[in-house]
S.K.: 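Starting off with a structure, shown below.
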Amino acid sequence: MSKKLESWVDIPSQSDFTIYNLPYGIFSTADRGDRPGIAIGAQILDLRELSGTGLLDDLKMPLGVFKKELLNDFMALGKPVWKRFRDRITSLLSTENEELKPFAERVLVAQSEATMKMPIHVGDYTDFYSSKEHATNVGMMFRDPENALLPNWKHLPVGYHGRASSIVISGTPIKRPMGQTIPADASKPVFGASRLLDFELEMAFVIGQETKLGERISVDNAEDYIFGMMLFNDWSARDIQKWEYVPLGPFLGKSFASSVSPWIVPLEALDPFRIDNYPQDVEVLPYLESKGKHRFDLNLEVALAPESGQETVISQTNFKYMYWNICQQLAHHTVNGCNVNVGDMCASGTISGPTPESYGSMLELSWRGQKPLTLAGGEQRKFIMDHDTVIMRGYGEKEGIRVGFGEVRNKVLPVD
Ligand code: CA
């Protein structure tokens, strides 16, 4: 790392949004309509206002993208523009640059006065299943403890096509889903509210560069197509899932909601937290051979707050536990010629670590309900109850550089 960067904007200590982060979101306030912004400390840099200052005019990029109410058009400008723009924002916010300071009142908005919106239009959503510990735990519970991983698992990043229409931003209430389930030892299903509502702690990457139908993305340059990452809660109804998933996989037990954190952290901001790829112990086909550091050391946690009680951290894990990395996932996704579009989202799959405290779902934390968790206020949980709030957070920290994702926080409401 070169000389430490400082910003003239106040950055509270332990802020996720340092000058090394500069994540993108869409926000509004009482007098500013939906627009793109960048989080810095406890403020948001209003990109629509910034584009009117003249300070971006020499960047040779269409500034009309900041008049939009979504980030898709900005992302579609491609990686060289993302880089050029990020370098300029870094410079304008650094202590060494005085150009933006006179416009501070116009371009900075307190996050406390802003409402965050869904930042992108998600055309397609794919969910992978790339944590070995999670796949092993689920395999042990539902199939064969001796052969928990299925034969394909170490040869390809298993995934399925999810539902994009129900991806919502942090803060959106999650209504408990209704559906078909089969009671233990019954021969016929019943209809009703899911009783085994769960979260899945995941990270999602966002596609920023499209491909044409028939084109394949190489594992070596897959990152050119990835704009950034977000926290992702893949809400799951375990009882609906269990009855419906044979033989074609997840459907209504998953499609009722997934929620994301409001800020998209650019991939470049995660560079300080790169580590060697996961040591895969089975040789993969050449199209999946990934060289370099495409794994990230990011601390992740899940907290649960019941309606009246205080928050309890129920899981602490790390994105580094992913067996398959984002380049392998994207190379595999497109190896058959399936095209991707700007705004598509790919989630990692539940991120579980090796210890019981690091599991990324209630299914695993309570081991199918056999080991209830005790919350700080004394209440117990096997799965998520009505009026519970689930909060996920994540950040990287290395050599004094901190880059965080904020949080994805959603409250569960009863069926009405
Ligand atoms: Ca999932």
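Source: prediction; values computed, not measured. Remember, it's 1-based here, ligands and their atoms both numbered in the order they're listed.
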S.K.: Is Asp416 paired with Lys175 through a side-chain N to carboxylate O contact shorter than 4.0 Å?
M.R.: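 Salt bridge: yes.
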
S.K.: Using 30° and 60° as the class boundaries, would you call the ring planes of Phe232 and Tyr125 parallel, tilted or perpendicular?
M.R.: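 Geometry flag for Tyr125 against Phe232: tilted rings.
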
S.K.: Quick one: give me the number of protein N/O/S atoms under 3.0 Å from the Ca ion (ligand 1).
M.R.: 4

S.K.: Would you check if the distance from the ring center of Tyr323 to the ring center of Trp153 is below 6.0 Å?
M.R.: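 Close enough - the centres of the two rings lie under 6.0 Å apart.
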
S.K.: In terms of the angle between their ring planes, are Phe74 and Tyr24 parallel, tilted or perpendicular, with boundaries placed at 30° and 60°?
M.R.: tilted

S.K.: Do NZ/NE/NH1/NH2 and the carboxylate oxygens of Glu268 and Lys83 come within less than 4.0 Å?
M.R.: yes

S.K.: Would you call the rings of Tyr359 and Trp367 parallel, tilted or perpendicular, where under 30° means parallel and over 60° means perpendicular?
M.R.: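 Judged by the thresholds at 30° and 60°, the geometry between Tyr359 and Trp367 is tilted.
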
